[in-house]
Q: 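Have a look at this one before I ask anything.
Order of the sequence lines fixes the chain letters, A, B, ..., with proteins taken first and strands second; residue numbering starts at 1 for each chain.
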Number of protein chains: 2
Amino acid sequence: MTKPPTIKDIARQLNISVSTVSRAIRNASDVNKETKKAVISLVEELNYQPNQLALSLRNKQTHTIGVIVPNLDYVLSMMVRGIDEVALEAGYTVMICQSNESFGREILNTRRLLESLVDGFIISVSAETKNFDHIKKIQEKEIPMVVFDRVTPHLKAPSVRIDNEDGGFQATEHLIEQGYKRIAILAGPKNLDISNKRMDGYLAALKKHGIKVDQNLIMHCDFNQDYAFFATQELLVMKKRPDAIFTISDRMAIGAMLAIKKKGLNMPEDIGLVGFNDEPILSLVSPTISSVEQPSFELGKITAKLFIESMHDNEDMSHVEKILKPKLYIRESSQRLLKK
Amino acid sequence: MTKPPTIKDIARQLNISVSTVSRAIRNASDVNKETKKAVISLVEELNYQPNQLALSLRNKQTHTIGVIVPNLDYVLSMMVRGIDEVALEAGYTVMICQSNESFGREILNTRRLLESLVDGFIISVSAETKNFDHIKKIQEKEIPMVVFDRVTPHLKAPSVRIDNEDGGFQATEHLIEQGYKRIAILAGPKNLDISNKRMDGYLAALKKHGIKVDQNLIMHCDFNQDYAFFATQELLVMKKRPDAIFTISDRMAIGAMLAIKKKGLNMPEDIGLVGFNDEPILSLVSPTISSVEQPSFELGKITAKLFIESMHDNEDMSHVEKILKPKLYIRESSQRLLKK
DNA sequence: AACGGTACCGGTAACGTTGCCGGTTTTCCC
DNA sequence: GGGAAAACCGGCAACGTTACCGGTACCGTT
């Protein structure tokens, strides 16, 4: 009820004009030392805080970044922390919205954030998203935007991601080197670039080592433990079943592991397994599961930095692409040869 | 660069006044049908969106809720999803800030959100926070606030949480029923009510069953896997070592598990273990670990609902306390008697 | 013909802030 | 001691919106 003091209150109490108060608080030029001192002391006494709404209205910027993520699982919440870290430092506040992998929700989120007049967007698209009109609408308004993690070729925007192809390649080549011959892949939804790229890496590794691709060993399913479980069961009842599985996420690796165990097969002897993300859980299960790590926190920080750059520079940065290297961590689930 | 159209543009194009346009868009009263139709059609053509900043400035509300959480681990991110769900439905946008369990960061977050002129706060305090002045400052400004999950008696505010004491009690009594005699507890920081309450439940269960409390079996450490690991190691080298451990979080349970395994002890035979939170990981490790589940998503939803209520009702709700029941899930780590 | 009511519309002020411009006072210099 | 520059300050408009008030035109009633 006791309304916060405004610049006007200060002006009135000191019998000076609002303009002078305004100047005293900011520029410090064109204002007498005594006056300034008086203003500042009154500011402190009343605990005056400038009304950001009024400032935003006037300056047409809110110092707020809208962040849209499909979920807040381990990897993304690390990335968000990285974004948060840098944004806060730079004086921005972050609005985080989860699309819950839903296309409709993602549209709603963008609309809401647009209404909130955020200064820009940092986006990782949902798995369901095939149509990017809502995001292009942002670009048409010439609102700065950076996409991260889940990037897509359909969007011409500065982006930050890991080298997914390399990750898939590392994982697959490692399995090959361990002597696995029939390597299956549990890929994600076909429209997700992140999934396709990891599969490209898988294919490239096979090709490099002269292994023929068997379409039956390529399964697509949702980023989801249960789906992965069922998909793996299907794989394991094939007459020529795979002797290794590369899953493009750890959740899926867990699902695969459960199916493998249920079937009574042993890792790494009967079947090898490599996941993607390197969630901490992987070193806790038995056997421990190999996985491709991505530097999530770092990636978040880089994303925010790129965003802030693209805010300030006003040249076109839509071609900028930052790509971080993933790293394979080898654990029990895929190591059937002794270390050299 | 093409600035978004304002009510003024519409007025000018239609040769009517801004007032009329404003009315046409909202009330619909006091405006001719034809005029209204013309306005609405132009609104659609220009894709006019009211400027929320101007609205907020005028109406003194931003339709934004500030949410401060200590982290975004499994439980909290579920809760946040619940909050998000309900808030979005009710037309609010949510600003999520992580304090990273840091007191300083929490203060910074509250300040930032206060500056952003959020309509209210939903807070779960950091583990470091012992001084609540920054939060009381919010209350002094009579800004609506609900605390959840990590509530504290130092704050008189509407709150939503689970019955932590009951959770601690269930876990401990279960261990007692399984025949464990020397039950240790890995508690969290002493200033965290959530920790103390779970410990109260632990003590109550011991008392009920006539077991004397051994202060050596009560350890305090950070909510952290590593600390729990070391604390457990200490416990296990005592001459009269405990035969069961109750940890007040699952992260700590994992730490304890690792220490137990390293020491070569078996669960549940040599030592029993029960955690708290029921993270999915617990059914994946070996042995599977018992834990007290809390209905996180539901709790988030209830929190947001309570917040919205307390927004609209303007009577004092600081005494309102919603308490949800936790539920113990028994798994291998603590079940050494056969099921009856 | 005079009056009251209704339907419709426009102008103004206000939310809190700052940039710009113009004005007054002080200071300084020759 | 006169003029110019510097120091200092206030008024106005504007950002986009709406609440409030006042005004006009038209209708029907007596």
Q: Is there a donor-acceptor pair closer than 3.5 Å between any side-chain N or O of A:N191 and the backbone N or O of A:A127?
A: yes
Q: Ignoring the backbone of A:K60, work out which of D:dG10, D:dC15, D:dT18 is nearest its side chain.
A: D:dC15
Q: Taking atom C1' of C:dT17 as reference, at what distance in whole Å does atom CG of B:L117 sit?
A: 13 Å
Q: Remember a base hit wins even if backbone is also touched, and classify B:L53 as base, sugar-phosphate or nothing at under 4.0 Å, heavy atoms.
A: nothing
Q: Look at the side chain of B:S19 against the base of C:dG11 and say whether a donor-acceptor pair falls under 3.5 Å; ignore hydrogens and angles.
A: yes
Q: Would you tell me whether B:T20 and B:S17 have side-chain atoms, one donor and one acceptor, within less than 3.5 Å of each other?
A: yes
Q: Does A:S22 form a side chain to side chain donor-acceptor pair (under 3.5 Å) with A:R26? I'd like the steps, not just the answer.
A: CA-CA 6 Å; A:S22 173; A:R26 296 163 302 110; 2.7 Å; yes
Q: Would you kindly give the CD-to-P distance between A:Q52 and C:dG16, to the nearest whole Å?
A: 14 Å
Q: Carefully, step by step, assess A:R105 and A:E128 under the rule salt bridge (charged side-chain N to carboxylate O under 4.0 Å, His left out).
A: CA-CA 10 Å; A:R105 190 62 169 266; A:E128 259 183 44; over 6 Å; no
Q: For the side chain of A:D30 and the base of D:dC9, is some donor closer than 3.5 Å to an acceptor across the two?
A: yes
Q: Output yes when B:K305 and B:E85 qualify as a salt bridge under the 4.0 Å nitrogen-oxygen rule, no when they do not.
A: no
Q: Just compare C:dT18, C:dG16, C:dG11 and give me whichever is closest to any side-chain atom of A:A54.
A: C:dG16
Q: Assess the side chains of B:R23 and B:S19: does a donor N or O sit below 3.5 Å from an acceptor N or O?
A: no
Q: Send over the distance from B:I25 CD1 to D:dT17 P, rounded to a whole Å.
A: 8 Å
Q: Just how far, in rounded Å, is P of D:dC15 from CG of A:N51?
A: 18 Å
Q: Just the rounded figure in Å: distance from P of C:dT18 to CG of B:L57.
A: 13 Å
Q: For D:dA19 and B:S22 - does any side-chain N or O of the residue sit under 4.0 Å from the phosphate oxygens OP1/OP2?
A: no
Q: Which part of the nucleic acid, if any, lies within reach of B:L55 when heavy atoms closer than 4.0 Å are counted: base, sugar-phosphate only, or nothing?
A: sugar-phosphate
Q: Which whole-number value in Å describes the distance from A:R58 CZ to C:dG19 C1'?
A: 6 Å
Q: Is it true that the side chains of B:N100 and B:S102 contain a donor and an acceptor less than 3.5 Å apart?
A: no
Q: Given C:dG11, C:dG19, D:dC9, which nucleotide is nearest the side-chain atoms of A:T20?
A: D:dC9
Q: Among residues 6-15 of chain A, which ones have heavy-atom contacts with DNA chain C below 4.0 Å?
A: A:T6, A:I7, A:K8
Q: Pick base, sugar-phosphate or nothing for B:S56, based on heavy-atom distances below 4.0 Å to the nucleic acid.
A: nothing
Q: From CG of B:N32 over to C1' of D:dT24, roughly how many Å is that when rounded to an integer?
A: 15 Å
Q: From NZ of A:K33 over to C1' of D:dC8, roughly how many Å is that when rounded to an integer?
A: 13 Å
Q: At less than 3.5 Å, do the side-chain atoms of A:R23 and the base atoms of D:dG10 form a donor-acceptor pair?
A: yes
Q: Between the side chain of B:N59 and the main-chain N/O of B:Q61, is any donor-acceptor distance below 3.5 Å?
A: no
